[in-house]
Trainee: 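Sharing a structure below in structure tokens format, with a few things to ask.
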Amino acid sequence: MMIGSCHCGKAHWTLEGDPGSITACNCTLCRRYGTLWAYDYEGERVAVSGPTASYTRSGRDKSPLEILFCPDCACVLAWRGLVLESDGRRRMAVNVRLAPPEAVEDLAIDHFDGLVTFTDLPSTGRCVRDLWF
């Protein structure tokens with residue numbers, strides 16, 4: 001199990017099993033937050049615990065997700081889909097930058113163009129360690 005926590009330690013997330021590759025997104029939120037995402041579904045392999053606050057994008061008729069963050073230290077913990085998948089499950093992603101570096105340093109990074117094309121970009125072969133060390 002992988003665990004991440006905010007800076008003050010009051011809020012946490014867990015991810016059971018293999019996180020797979022990690023996503024770096026360049027959308028207007030992710031590039032500002034500097035997040036790296038690992039995905040699954042609420043109530044399945046991903047759990048968030050402790051106090052959280054949320055931010056939902058303004059200026060849209062219906063935002064597809066909310067950002068969960070610690071109300072004390074403001075670390076971004078996760079995002080949570082506001083629209084259920086067709087099978088009734090809720091998509092979530094946790095911010096692996098909150099995990100201990102040794103737990104995530106070898107995970108491959110995929111890039112997603114959330115700003116313009118909303119598509120996956122070709123792999124560069126980089127991993128989390130390449131961004132931190």
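Worth knowing before you read on, the calculation uses all heavy atoms, side chains too, and leaves out hydrogens, waters and symmetry mates.
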Trainee: What's the spacing between D106 CG and I22 CD1 if we round to 0.5 Å?
Mentor: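 The CG atom of D106 sits 11.5 Å away from the CD1 atom of I22.
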
Trainee: Residues sharing I3's hydrophobic cluster, by side-chain heavy-atom contacts under 4.5 Å among ILVMFWY, directly or via others?
Mentor: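 Grouped by the 4.5 Å side-chain rule, M1 form the rest of the cluster around I3.
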
Trainee: Please identify each residue that fulfils side chain to side chain donor-acceptor pair (under 3.5 Å) with D18, with sequence neighbours left out.
Mentor: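 Scan of D18 (side chain to side chain donor-acceptor pair (under 3.5 Å), adjacent residues dropped) gives none.
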
Trainee: May I have the list of side-chain donor-acceptor pairs in residues 118-128 shorter than 3.5 Å, sequence neighbours left out?
Mentor:
| unit_1 | atom_1 | unit_2 | atom_2 | d |
| --- | --- | --- | --- | --- |
| T119 | OG1 | T117 | OG1 | 2.7 |
| S123 | OG | G125 | N | 3.1 |
| R126 | NH2 | D130 | O | 3.4 |

Trainee: Under 4.5 Å between any side-chain heavy atoms of R91 and Y39, yes or no?
Mentor: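 With C-beta onward as the side chain, the pair touches.
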
Trainee: Can you tell if the side chain of L107 reaches within under 4.5 Å of the side chain of S21, non-hydrogen atoms only?
Mentor: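 Side-chain contact under 4.5 Å: no.
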
Trainee: May I have the list of side-chain donor-acceptor pairs in residues 68-85 shorter than 3.5 Å, sequence neighbours left out?
Mentor:
| unit_1 | atom_1 | unit_2 | atom_2 | d |
| --- | --- | --- | --- | --- |
| D72 | OD2 | K10 | NZ | 2.9 |
| R80 | NE | E66 | OE2 | 2.7 |
| R80 | NH1 | E42 | OE1 | 3.4 |
| R80 | NH1 | E42 | OE2 | 2.8 |
| R80 | NH2 | E66 | OE2 | 3.1 |

Trainee: Please tell me if the side chains of H111 and D113 come closer than 4.5 Å, counting only heavy atoms from C-beta onward.
Mentor: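 Answer no - side chains too far apart.
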
Trainee: Measure the CG-OG1 distance between L65 and T56 for me, rounded to the nearest 0.5 Å.
Mentor: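 These two atoms lie 8.0 Å from each other.
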
Trainee: Treat each ILVMFWY residue as a node, draw an edge where side-chain heavy atoms are under 4.5 Å apart, and state whether V48 and L36 are in one component.
Mentor: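 Shared cluster, yes.
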
Trainee: Could you state the interatomic distance from CZ (R129) to CD (E105), rounded to the nearest 0.5 Å?
Mentor: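 Between R129 CZ and E105 CD, I get 6.0 Å after rounding to 0.5 Å.
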
Trainee: Under the side chain to side chain contact (heavy atoms under 4.5 Å, CB included) rule, collect the residues that match up with A47, sequence neighbours excluded.
Mentor: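 Applying side chain to side chain contact (heavy atoms under 4.5 Å, CB included) to A47 gives T14.
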
Trainee: Salt bridge (charged side-chain N to carboxylate O under 4.0 Å, His left out) with D87: which residues, sequence neighbours excluded?
Mentor: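 R89.
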
Trainee: Taking V96 as the starting point, is it possible to reach Y41 by hopping between hydrophobic residues whose side chains are less than 4.5 Å apart?
Mentor: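 They do not share one cluster, since no chain of ILVMFWY contacts under 4.5 Å joins Y41 to V96.
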
Trainee: Does one hydrophobic cluster hold both M2 and L98, with members joined at side-chain heavy-atom distances below 4.5 Å?
Mentor: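 Yes, one cluster joins them.
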
Trainee: Test L131 against R97 for side chain to side chain contact (heavy atoms under 4.5 Å, CB included), laying out the working first.
Mentor: CA-CA 10 Å; L131 298 181; R97 287 192 181 266; 3.8 Å; yes

Trainee: Would you say Y33 and V94 are hydrophobically clustered, going by side-chain heavy atoms of ILVMFWY under 4.5 Å?
Mentor: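 Y33 and V94: separate clusters.
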
Trainee: Suppose we screen for salt bridge (charged side-chain N to carboxylate O under 4.0 Å, His left out). Which residues come up paired with D110, at least two apart in sequence or across chains?
Mentor: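 Testing D110 for salt bridge (charged side-chain N to carboxylate O under 4.0 Å, His left out), a comparison that skips the adjacent residues, returns none.
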
Trainee: What is the minimum heavy-atom distance between R57 and T28, and which atoms define it?
Mentor: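 Answer, listing the atom of R57 first, then T28: NH2-OG1, 2.6 Å.
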
Trainee: Side chains of N26 and F112: does their closest heavy-atom pair fall under 4.5 Å?
Mentor: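 N26 vs F112: side chains apart.
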
Trainee: Is there a path of hydrophobic side-chain contacts, each under 4.5 Å between heavy atoms of I/L/V/M/F/W/Y residues, joining W37 to Y55?
Mentor: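 Yes, Y55 connects to W37 through the hydrophobic network.
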
